[in-house]
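Reading through the C-alpha cells given below for one structure.
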Amino acid sequence: MAKEPVRVLVTGAAGQIGYALVPMIARGVMLGADQPVILHMLDIPPAAEALNGVKMELVDAAFPLLKGVVATTDAVEACTGVNVAVMVGGFPRKEGMERKDVMSKNVSIYKAQASALEKHAAANCKVLVVANPANTNALILKEFAPSIPDKNISCLTRLDHNRALGQISERLNVQVSDVKNVIIWGNHSSSQYPDVNHATVKTPAGEKPVRELVANDEWLNGEFITTVQQRGAAIIKARKLSSALSAASSACDHIRDWVLGTPEGTWVSMGVYSDGSYNVPAGLIYSFPVTCKNGEWCIVQGLPIDEFSRKKMDATAEELSEEKALAYSCLS
C-alpha cells in the first residue's frame, strides 16, 4: 500500500540552503525512500522569480517521490496542511547592524509565520527552525503559535553535532559512522558547548571512549571546541558564502531521526524547549542530547556533568537568556 504524501514546507526556499535542501527532501533523504512528499516552498516577493526557477528544476528532475510542488510568496498558502515545516527564511545580519536590529527583523518575520502555521498547518505539525538566531527564532515562533505543542518546535543544532562528529573522525582517522554520542549543549552560536565526555568510537575491540582514544585533553578542551564553535565562520571565509549543503543535510538528519527514531544506544543533539533538565533554565530553547521514538524526542537524563562542562553549559544558557530578553524587548 503506497503511503499518503507528507507535505513539507521550506521557507526561504529560493536561497542557498533551500536550493540544497529541496532536492534532498524530494529524493527521500529526509523522510525515507518510500515516503512520497509534496513540497511547499515559500519566499519573499523579490525572490518570486528565482523561486519559480527552483520549481521548474524540481519538475525537470522527475523525482519519483515528489507528488506536487507549491511555490508561493503567500504565507497562508505555503503553510496550509503542512506536516513538517523547515524554517530557513530569516533576516541575515548585515555589516554595521546591531544585534537588536537583526533580532527585531526576525521577531516580526517569526511572529507572522507562527500565526500562519498555527492557523493553517496540519495537526501535530513538526517545526524545525534553521534561520539564525535559531534558538530565539524558535522561541518567538512558540510564543506566537500557542496551540502548537512545545514538543513540536525545535531548532537546528544537528549541524554542530555533525561538525563535532566530523572533527573526531578526522582526528582519529576513523569512519564518522563509527563515532557517536557527542553532545551540543546550548545555543547555535559560538557560545555552544560541544561535549565529548560521553562520546564513543566503535573499534575492533568494542566501543571505546573518545577521550581515551584521543588521549589529548588539551586539544579536546581547547582547539576541538573552538573549531566546532567557529566552523560556520571558517566556511564563510573559505567559500565567501555560508554553509548550505551541510546545513541542508543536517536538517534532513534532524527531521528523519525525529520522525523515524534514533538507533538504539545513540543520541543526537536538538534545540528543544527546556524543562529544567541539567539545571538549564526552563523556558529557553536549548540544545540537549535527545533520543527519538514514535515521532517524539526525549532528553537523555542522568549524564554526569563535570565542572568544566557545567561552566560552559551555564555560559551558553546565559547568552540564550540575554537573547530572549532582547527578543521580548522588540515585542514591546
Side-chain angles (χ1 to χ4, degrees), residues 133-136 138-139 154-172 174 176 178-202 207-234 250 254 257 262 265-292 297-324:
N135 300 58
T136 301
L139 196 60
S154 64
C155 81
L156 186 71
T157 57
R158 183 62 174 269
L159 175 54
D160 310 299
H161 181 99
N162 288 350
R163 284 167 171 165
L165 293 175
Q167 288 304 305
I168 296 299
S169 127
E170 296 266 292
R171 177 81 181 193
L172 293 173
V174 296
V176 74
D178 288 338
V179 187
K180 69 174 189 180
N181 296 354
V182 298
I183 301 168
I184 303 298
W185 298 101
N187 198 0
H188 174 61
S189 75
S190 58
S191 80
Q192 64 175 263
Y193 171 44
D195 174 5
V196 297
N197 288 331
H198 314 281
T200 60
V201 179
K202 192 161 86 186
E207 287 190 351
K208 300 277 189 202
V210 162
R211 245 183 218 286
E212 186 185 303
L213 293 174
V214 170
N216 185 335
D217 283 353
E218 191 184 343
W219 182 78
L220 283 173
N221 292 345
E223 192 186 328
F224 163 73
I225 291 175
T226 53
T227 299
V228 176
Q229 287 173 333
Q230 294 165 14
R231 187 68 159 183
S250 57
H254 176 114
D257 286 341
T262 46
T266 299
W267 63 64
V268 294
S269 301
M270 282 173 69
V272 297
Y273 197 61
S274 170
D275 59 359
S277 291
Y278 294 100
N279 293 325
V280 171
L284 296 176
I285 299 262
Y286 187 100
S287 181
F288 287 97
V290 301
T291 54
C292 304
W297 54 264
C298 179
I299 295 172
V300 176
Q301 296 293 347
L303 297 172
I305 303 296
D306 64 18
E307 194 185 342
F308 178 85
S309 299
R310 185 73 260 164
K311 282 184 177 152
K312 298 270 186 202
M313 289 162 69
D314 290 346
T316 190
E318 201 170 308
E319 183 183 65
L320 280 168
S321 296
E322 285 167 13
E323 272 188 24
K324 179 180 179 176

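- Y278 and L303 get closest at one heavy-atom pair: OH-N, 3.0 Å.
- The two residues C292 and D257 have their closest heavy-atom pair at CB-O, 3.2 Å.
- The side chain to side chain donor-acceptor pair (under 3.5 Å) analysis of residues 265-274, with sequence neighbours excluded, yields the pairs H161-S269.
- The backbone N or O of E223 lies less than 3.5 Å from a partner atom in the side chain of T226, making a donor-acceptor pair.
- Atom CD of E207 has more than 12 neighbouring heavy atoms from other residues, nucleotides or ligands inside a 6.0 Å radius.
- The salt bridge (Lys or Arg N to Asp or Glu O under 4.0 Å) search around D217 returns R211, not counting sequence neighbours.
- The side-chain contact (heavy atoms from CB on, under 4.5 Å) test with Q192 singles out one residue from T157, V228, N187, and that residue is V228.
- Counting heavy atoms of neighbouring residues, nucleotides and ligands inside a 6.0 Å radius, atom CD of Q301 exceeds 12 of them.
- The environment of R231 atom CZ is sparse: at most 12 non-hydrogen atoms of other residues, nucleotides or ligands sit within 6.0 angstrom.
- For the residue pair S191 and E319, a side-chain donor N or O sits within less than 3.5 Å of a side-chain acceptor on the partner.
- With sequence neighbours excluded, the residues forming a salt bridge (Lys or Arg N to Asp or Glu O under 4.0 Å) with E323 are R99, listed by chain and number.
- Between K311 and D314 there is no salt bridge, since no side-chain nitrogen of the basic residue lies less than 4.0 Å from a carboxylate oxygen of the acidic one.
- At a threshold of 4.5 Å between non-hydrogen side-chain atoms, the residues L156 and S250 count as touching.
- For S277 against F288, the heavy-atom pair with the smallest separation is O-CE2, 3.6 Å.
- Across every non-hydrogen atom of I225 and K312, the tightest pair is CD1-CE, 4.4 Å.
- The minimum heavy-atom distance between H254 and R158, with the atom names listed, is N-NH1, 4.0 Å.
- Closest approach of L284 to A317, counting heavy atoms only: CD1-O, 3.8 Å.
- Around CD of E218, the count of heavy atoms belonging to other residues, nucleotides or ligands within 6.0 Å does not exceed 12.
- Taking the six-membered ring where tryptophan is involved, the planes of F308 and Y193 are perpendicular, since the angle between them exceeds 60° and thus also 30°.
- With hydrogens and angles ignored, the 3.5 Å screen pairs a side-chain donor or acceptor of N135 with a backbone N or O of H188.
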